Amino acid sequence: LSLLILFLGIQANAATVWINDARAQFQTNSLVILGINIRTFNAKDLNKNGIIEPKSEEEKGSFLNAIDRLDELAMQGVNTVHLLPITPVGKIKALGTAGSLFALNSFDEVNPQLADRKSRLSPKDQAIRFIDEAHRRKIRVLIDIPACASYDYYLKNNGLFLKKENGSPVVASDWTDVRVFDAGKEGRINLDLLDKYKSLIDMYMEIGADGAVASSPTMKPADFWAELISYTRARSPQFLFIAQATDKEVPFAKNIPFTNYDKLLEAGFDGYYAGYSRFSDWQTADELYEHVKFNQKLFSKYKLIKSDIGSFATHDNVSPVLVNGPQYSIMLSWLNATLPVNAYFTDGFQSGDDYMYPWENKRAKKTFTDDDFYFVHRGKMDIFNFSRKPGASNGDILQNFILANKFKFMMNSIMPGASFVPLQTNSSNVFAYARSTKQNAVIVIGNMDFSNMQNAKVSVPHLNDKIAIVPVKIQDIPVVTRGRINSILAPGEVQVLLV
């Protein structure tokens, strides 16, 4: 079975004409997306101190050295990358010594920090080359759309920003390095700002992107997004739009407009983050089942096909290994593979990175902004400094990551349109569900208790001794009887069976 999965998941390297199919693949939950920060993606930290030293032989991540990792991603089953913002960043009131990736400082340029200075190619041409090489390996490229702009940009274009009654610019939450755009209201959007975002999309399409992920899209009216998406689809019908919003999102502040997730989907977004990041807080299996059913019912309301991503762990979330250890990362790989979602991970997840940096919040020897400290979000991938390449050395996590991704491709191939069926268990914190068609089924059983073992009894209607069961991911062979599977689950263990 493993050989079959690997065979089906092989990525061809032959040079072909690339045709964007991102929307179609997303609609069938066929994407395995890896969120990456080009600034660190393949950085060369020679002395292993976690930071890229200026004026040394060490090398920050760039579009050109990122190409060296594309074969690795293809082998691991990644077929889509989500580039965190690639636009130039601000330096005033900045966070971190390189500045936040999300502090946009231009709509129509590529961040020179992401370019290899040894190359004669412009930053934009280097981005084009990276995307061309990704396409050669059948890897799609999505690029982040920043929600706000840097303080630097505000000083030069303050007419595009929201103001308080006293005339000062609005700051979203604790994002002290950026200021909030004034995108207008429903029925009266800010056309000047819309033109700026159109120029951003123009640049993304010019360099070959297949889609975009909109950061905090709730801060702009649905009409704003409808206009931008319509503009884009007229030029590229398969250009994918994903909203980084959840079903539990709340307004950032009373003076910042708020558009709910369902209105964003109506405006033309193909999908949203769906709130799976709350999984670590759920106490019972029913909460997982209810969330899947909620999204299936939600998507059925729209004429165009919608879907979501398995947003269990994004760059906004603490590393899974800090939440519940390596077993949690393994569980998330298999949930992404077997739930009706597009898989989503952050670079470093696949090997168990905890994103703990020894220089965290310490004074820097050199800075490229007005911040003299290495600012980071503890336990989250660094987006503020020139830091090391994400990654660790947990072989079990990596092996399961690869196998789960390959299994997802196989399952989608032999079981297109499989239904989601919760299965009854004897414990509230043991989840069990089937993804089934008339002839095949995949049964997934997992222990949400990461401290105690569970003697799980799973009711499976119509199960009998004439049905062949192939273990895909298990530690101990379960006992299968008529209509039931009995299995002893280690803390946090997940089992996958092909029926």
Side-chain angles (χ1 to χ4, degrees), residues 11 32-53 56-84 86 96 98 101 113-114 116 130 133-134 137 139 141 310 312-334 336 343-360 374 376-406:
Q11 303 287 326
V32 176
I33 307 170
L34 187 72
I36 67 176
N37 171 8
I38 290 292
R39 199 160 66 187
T40 63
F41 182 59
N42 201 21
K44 314 297 183 183
D45 176 24
L46 301 180
N47 63 7
K48 307 298 182 185
N49 69 347
I51 200 75
I52 304 303
E53 306 286 356
S56 72
E57 295 299 314
E58 296 186 329
E59 187 179 344
K60 60 182 175 59
S62 70
F63 281 111
L64 295 188
N65 65 26
I67 294 171
D68 296 338
R69 286 193 63 193
L70 290 175
D71 286 334
E72 168 195 333
L73 299 192
M75 181 275 293
Q76 293 172 354
V78 174
N79 65 11
T80 308
V81 290
H82 164 207
L83 307 186
L84 299 189
I86 64 168
L101 294 174
Q113 293 178 337
L114 310 182
D116 184 344
F130 168 80
E133 290 295 328
R137 295 157 175 83
I139 297 175
V141 179
F312 295 96
T314 70
H315 73 275
D316 286 326
N317 303 115
V318 172
S319 168
V321 296
L322 294 180
V323 176
N324 274 316
Q327 277 299 114
Y328 186 55
S329 294
I330 293 171
M331 178 179 284
L332 297 189
S333 287
W334 287 101
N336 269 292
Y344 189 94
F345 308 94
T346 299
D347 187 30
F349 169 96
Q350 64 269 53
S351 55
D353 197 339
D354 60 9
Y355 309 118
M356 300 296 283
Y357 302 93
W359 38 259
E360 174 186 348
Y374 293 123
V376 295
H377 288 148
R378 189 170 181 81
K380 300 179 183 180
M381 183 172 70
D382 179 28
I383 61 171
F384 303 102
N385 309 279
F386 294 112
S387 57
R388 62 169 173 82
K389 177 173 73 174
S393 57
N394 191 304
D396 288 340
I397 294 177
L398 180 59
Q399 183 181 23
N400 278 272
F401 178 80
I402 295 172
L403 187 59
N405 291 339
K406 303 295 186 181

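What you see below is based on every heavy atom in this structure, not just the backbone, and it leaves out hydrogens, waters and symmetry mates. One-based numbering along the sequence shown. Computed from a predicted structure; not experimentally measured.
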**Q** Indicate yes or no for a side-chain donor-acceptor contact from Asp396 to the backbone of Asn400 under 3.5 Å, with no hydrogens or angles considered.
**A** no
**Q** Got a donor-acceptor contact below 3.5 angstrom from the Asn394 side chain to the Pro326 backbone?
**A** no
**Q** Before giving the answer on ring-ring contact (aromatic ring centres under 6.0 Å, His included), spell out for Phe312 and Phe345 the whole-Å C-alpha distance, their side-chain angles and the decisive distance to 0.1 Å.
**A** CA-CA 8 Å; Phe312 295 96; Phe345 308 94; 8.8 Å; no
**Q** Over 60° means perpendicular and under 30° means parallel, so tell me whether Phe63 and Phe130 are parallel, tilted or perpendicular.
**A** tilted
**Q** Mark yes or no for whether Trp359, through its side chain, and Tyr374, through its backbone, hold a donor-acceptor pair below 3.5 Å.
**A** no
**Q** Strictly below 4.0 Å, N to O, side chains only: are Arg388 and Asp353 in salt-bridge contact?
**A** yes
**Q** Quick one: closest heavy-atom pair of Ala98 and Gln113, and the distance?
**A** O-NE2, 3.0 Å
**Q** Look at the side chain of Glu53 and the backbone N and O of Glu58, then say whether any donor-acceptor pair between them is shorter than 3.5 Å.
**A** no
**Q** For the pair Ser62 (side chain) and Asn65 (backbone), establish whether a donor and an acceptor sit closer than 3.5 Å, ignoring hydrogens and angles.
**A** yes
**Q** Is there a donor-acceptor contact under 3.5 Å from the side chain of Ser351 to the main chain of Ala392?
**A** yes
**Q** For Lys380, is there any backbone N or O sitting under 3.5 Å from a side-chain donor or acceptor partner on Asp316?
**A**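 It does not hold such a pair.
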**Q** Using modelled atom types only, decide if a donor and an acceptor are shared between the side chain of Asp116 and the backbone of Leu64 within a distance under 3.5 Å.
**A** no
**Q** Taking only residues at least two apart or on different chains, which pairs with a member in residues 317-330 satisfy side chain to side chain donor-acceptor pair (under 3.5 Å)?
**A** Thr314-Asn317
**Q** Using atom types as modelled and distance alone, determine if a side-chain donor or acceptor of Asn79 lies under 3.5 Å from a backbone N or O of Val32.
**A** yes
**Q** Return the orientation label for the Phe384 and His377 ring planes: parallel under 30°, perpendicular over 60°, tilted otherwise.
**A** perpendicular
**Q** Are Val376 and Tyr355 close enough, and set up right, to give a side-chain contact (heavy atoms from CB on, under 4.5 Å), and what steps lead you there?
**A** CA-CA 10 Å; Val376 295; Tyr355 309 118; over 6 Å; no
**Q** Answer yes or no: is there a donor N or O on one side and an acceptor on the other, between the side chain of Thr346 and the main chain of Gly35, under 3.5 Å?
**A**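 No, the answer is negative, given that no donor and acceptor are paired below the 3.5 Å cut-off.
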**Q** Which of these, Lys60, Glu59, Lys389, sits in a side chain to side chain contact (heavy atoms under 4.5 Å, CB included) with Asn42?
**A**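 When side chain to side chain contact (heavy atoms under 4.5 Å, CB included) is applied between Asn42 and each of Lys60, Glu59, Lys389, only Lys389 qualifies.
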**Q** Any heavy-atom pair between the side chains of Trp334 and Leu403 that's under 4.5 Å?
**A**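 Yes - at least one pair of side-chain heavy atoms lies under 4.5 Å apart.
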**Q** My understanding is that only residues two or more places apart in sequence, or in another chain, count here; which of them pass side-chain hydrogen bond (donor to acceptor under 3.5 Å, both in side chains) with Arg69?
**A**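 Residues passing side-chain hydrogen bond (donor to acceptor under 3.5 Å, both in side chains) with Arg69: Glu72, Asp347.
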